[in-house]
Amino acid sequence: MSESPPEEGYDHAAVERRWQEAWDETDAYRTPDDATDPTYVLGMYPYPSGQLHMGHVRNYTITDAYARYRRMCGDSVLHPMGWDAFGLPAENAAKERDTNPRDWTLDCIETMRGQMESMGFGYDWDREVTTCTPDYYKWNQWLFERFSEEGLVEREAAEVNWCPNCETVLADEQVEGDDERCWRCGTPVEQRELDQWFLKITEYADELVDGLDDLEGWPDSVRQMQRNWIGRQEGARVSFDVSGRGEVEAFTTRLDTIHGATFFALAPDHPISEELAAADDDVRRFLEEEADPDGDEPNGVATDLTATNPATGEEVPVFVADFVLSDVGTGALMGVPGHDDRDHAFAEKMGVDIVPVVAPAPADGEADDGEPTPPDVSDAAYTDDGVLVNSGEYDGLASAEARERLTAAIDSAESHVQYRLRDWGISRQRYWGTPIPVVHCDDCGPVLVPEAELPVELPEFVNTTGNPLDAAEEWKRTTCPDCGGEAVRETDTMDTFVDSSWYFLRYVSPDLGDAPFDVDRANDWMPVEQYVGGIEHAVMHLLYARFVTKVVADMEMLEHREPFERLLAQGMVQLDGEKMSKSKGNVVSPQRIVDEYGADTARLFMMQAAQPERDFDWSEEGVRSTYRFLTRLKRTVEAFDADAADASGVDPDDPVAAYVDGEVDAAVAVATEEYDTLTFNTALREAQGLVSTLRNYREHADGVDDAVFRRGLTVAVRLLAPVAPHLCETLHEELGGEGFVVDADWPASDADVETAERRRRLVENTRGDVRNIVDVAGIDEPERVDVVVAPDWKHRALEIALDSDAPNLVGELMGHDEIREHGDAAADYGKDLQAEREALTPALSPDAEYDALTAAAWLVEREFDAPVRVLRADEADDSVARKAEPGRPAIDIAE
RNA sequence: GCGAGGGUGGCCGAGCCUGGCCAAAGGCGGCGGACUUAAGAUCCGCUCUCUCAGGAGUUCGAGGGUUCGAAUCCCUUCCCUCGCACCA
């Protein structure tokens, strides 16, 4: 299948096949039921479209790498996978291919599972969950019934998109274009009122929004999106007495502006508007011809009604206006043109009075003479809070206080919290979903199917227009569980978001026959510690899952009220800055990449390309570079003689080995921190840097210390193993490791990252300086390079300077004998320190500098092909040595 | 309009939380060299400008500020992406 590897790579196909089989044979990724509090790592399960795409690969590589990392750290890990297997695409595919959704879906799952295996994702397949199986959707039905018992299910009429040709409801996304046509047949979509089943998520609106504050492991963006979506508004309801119609309620968040309410407006479909239309030609014409709720212009029509402002007692005109929406608030509002932009525009258009009743609060410094100046609202509304004016006895009150007092004072006013969130309509007039477990009886109405009769299974698929369940006459006909009379089954199925709102609980006990999940185990294993998926689910899925978790908790089946502790919304994989999509034809197939370069390369490239939450561009060059890196690594390990004498410990007299050993520690320390926070890109950079260091070491030092080199390779392999597991298994074996690298211990390091970085910097700066000198001075062939470490007293002086807060640093330094004895040199250095005082940073000790430079000398020797001497200050000529400073050795190059 | 995130050298991308060691990691691309019959692979070096032995100048969307010192902190402004929106 794969062509010969590009360039001279390694045989990734053989490596990957071998380890996938080995893992499989040993059930390497099994999480036993008796695991105690495993770390639960989860990627959002996919819709089985039949093809794994790059988004999936990225998503699941993130969870896989993290799961493997935690496992190497010694955790027991739960990392399952399943299928969001219901949904309309399968119905369409089945019709096109003359098969049925079930077979089609199961085929797709088969294919995708194979692709996941070829990516090397370490899932516990024994916990696989497939939502379209009766074993699973039975529990959707069961939960629906429990919800019903809790009073959280409601059946009511709702407006839906209806295609008269296909005879089915369409989701909003399936209505195309401004002229709203059916995506499948192009028929104009109608609105139709249908009886629909709802789950009362609004009962949990407060907890859902308040709980966001504590979800510190979630990105702010997602939390904000959920807040917006729930749209909690605190305000007041207040009634205006409308002539001949009684009290009409309006909702407002600005009751403080009620004295400026100079008109009242009704939604076009408000009952009063509809009544008026029957008698009033103007209103009828407006409703039929002019009203345009989608337009930008606020349009309206005057009525012959007036409303009494309960605060002022004044009669104000009543309009029917298209910017008043019946599904917002009460479908009626008080118009305050002085303090609301839209009301202002409307009042200008209709010639209504505009009265300012809130003035800007006097700034702190300003003299408070008790007479705030009303703002000029003739051109624009003043929409901020402030101090009341023109409001009778409320004048002078701050807006917030005025709202409270007015709410208390006005009879018809009461505090009210309003939400944008609507109850969750779960009815779908489609075949490929969970049948809603209800029977309709002429006498008893809708009746739940008894629990013992669950699941209500789907009948055979019938290729028909409209809802196949409606056409399944035999299936439909049943008897009423209550009275035994003739009855018909509910033909609606559930929204597939119902399936996904609890699937993470099913993984805990996927085969359990008498409950959706094992309560004790779920209490121990939940919540999901790290959840990873696309941002497109920020609201719907993630909100529904939170809702269902809370309800289940209230049914005393779970001790957790939030399902996902930490959430990562992973970025997109793009090509040339554009989202990959079939329609643009810019899709890079993961399969092709796996064939050509292997799964390890694909995974490693993706993880090092960018932080997981950021979008990044796919780059074929980057992939090749990654592939070459793996190839190099493999060769490096192979070249290392695994049977080399097992020297124990580091030879303390070999500074180069000590240096490399220190680099190994540093890499571990840095990479571990980064793995913890899922910043794989920087962790991997460290691992790759370590491999370069090791290669340089072997190539150019006078013989390597086997123990150090072995440890370096072992560490590099382990740091890379979570991301490139197949090759790392091979290398682990090559290095004589026991068992799987999957089960190996994460390397430990007691390295001080600070010191390691200081050392690196010293070496880098020194090398840079040598280059600089050679370059600037035009030295062609250096004969010898001397690197001289600053004398102890300068280090001491720096230490003193760092601690000192004396105004005269030179004076303070001269108070120390060991410094003063260096006379002018000490004074000069003291002045330098004084000048740089604020910028001083600690340096390594003289010995540490000496060791670090000695260890790195070979780097310079190799580069300039000249012998390097690292000297202590007292070993060098004073004319050179005196230029040395801590962190900045003196350099002398002989031509 | 409101809210969130982002703008870094030819490109991608670290750094920004916790200011100084930042002309700014790493990769890609480009240039030069080693190896090679050659190409590829591999390895070494260079890749903002000037330079008199490690120096100087200009740079991190733009402008201003704080500070001895700003890619990093604060304000203003422009641009991009995303979410919400006649929401009362």
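Owing to the predicted nature of the structure, the values given are computational and were not obtained by experimental measurement.
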[X] side-chain N/O to [N] phosphate OP1/OP2 under 4.0 Å:
| X | N | result |
| --- | --- | --- |
| A/Arg628 | B/C28 | yes |
| A/Ser625 | B/C28 | yes |
| A/Gln608 | B/G26 | no |
| A/Arg227 | B/G83 | no |
| A/Arg614 | B/G5 | no |
| A/Arg632 | B/U42 | yes |
| A/Asn681 | B/A25 | no |

Report which part of the nucleic acid [X] touches: base, sugar-phosphate, or nothing (heavy-atom distance under 4.0 Å, all strands).
| X | result |
| --- | --- |
| A/Asp327 | nothing |
| A/Gln611 | sugar-phosphate |
| A/Asp341 | nothing |
| A/Arg888 | base |
| A/Leu840 | nothing |
| A/Ala265 | nothing |
| A/Arg767 | sugar-phosphate |
| A/Asn299 | nothing |
| A/Pro889 | base |
| A/Thr682 | sugar-phosphate |
| A/Val324 | base |
| A/Ile535 | nothing |
| A/Asp322 | base |

Options [options], nucleotide nearest the side-chain atoms of [X]:
| X | options | value |
| --- | --- | --- |
| A/Leu325 | B/C87, B/C21, B/C43 | B/C87 |
| A/Val328 | B/C46, B/G3, B/C87 | B/C87 |
| A/Arg761 | B/C22, B/G54, B/A53 | B/C22 |
| A/Arg695 | B/C43, B/C86, B/C84 | B/C43 |
| A/Ile893 | B/C46, B/C87, B/A53 | B/A53 |
| A/Asn765 | B/G3, B/C21, B/G45 | B/C21 |
| A/Ile891 | B/G3, B/G54, B/C87 | B/G54 |

Go through the N and O atoms of the side chain of A/Asn772 and the base of B/G54, and report whether any donor-acceptor pair is under 3.5 Å.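 Side chain to base: no pair below 3.5 Å.
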
Base B/C87 paired with A/Arg420 side chain (donor-acceptor, <3.5 Å):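 No, the side chain and the base share no sub-3.5 Å donor-acceptor pair.
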
Which sits closer to the 5' end of RNA chain B, A/Met225 or A/Ala894, going by the nucleotide each is nearest to?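 The 5'-side residue here is A/Ala894.
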
Position toward the 5' end of RNA chain B (nearest nucleotide), A/Asp292 or A/Ala610: A/Ala610

Assess whether side chain to side chain contact (heavy atoms under 4.5 Å, CB included) is satisfied between A/Glu414 and A/Val238, documenting all intermediate values. CA-CA 7 Å; A/Glu414 59 171 345; A/Val238 61; over 6 Å; no

Any side-chain donor near an acceptor of the partner, [X] and [Y], under 3.5 Å:
| X | Y | value |
| --- | --- | --- |
| A/Glu674 | A/Thr679 | yes |
| A/Gln224 | A/Arg227 | yes |
| A/Gln226 | A/Arg546 | yes |

Over all heavy atoms of both residues, which pair between A/Arg232 and A/Val417 is shortest? Give the atoms and the distance, please. CG-CG1, 3.5 Å

Take the protein atom CD of A/Glu621 and the nucleotide atom P of B/G29, then report the distance between them rounded to whole Å. 5 Å

To the nearest Å, give me how far apart CD (A/Glu613) and P (B/A14) are.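 In whole Å, B/A14 P lies 9 Å from A/Glu613 CD.
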
Please check: side-chain N/O of A/His339 versus main-chain N/O of A/Val357, any donor-acceptor pairing under 3.5 Å? yes

Please confirm whether A/Lys794 makes a cation-pi placement over A/Tyr829, using NZ or CZ under 6.0 Å from the six-membered ring centre and within 45° of the ring normal. yes

Honestly, is A/Arg566 close enough over A/Trp218, meaning NZ or CZ under 6.0 Å from the six-membered ring centre and within 45° of the axis?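 No - A/Arg566 does not lie over the ring of A/Trp218 by the 6.0 Å and 45° rule.
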
For [N], what is the paired nucleotide under Watson-Crick or G-U wobble rules, both distances under 3.5 Å?
| N | answer |
| --- | --- |
| B/C2 | B/G83 |
| B/U42 | B/A34 |
| B/U49 | B/A56 |

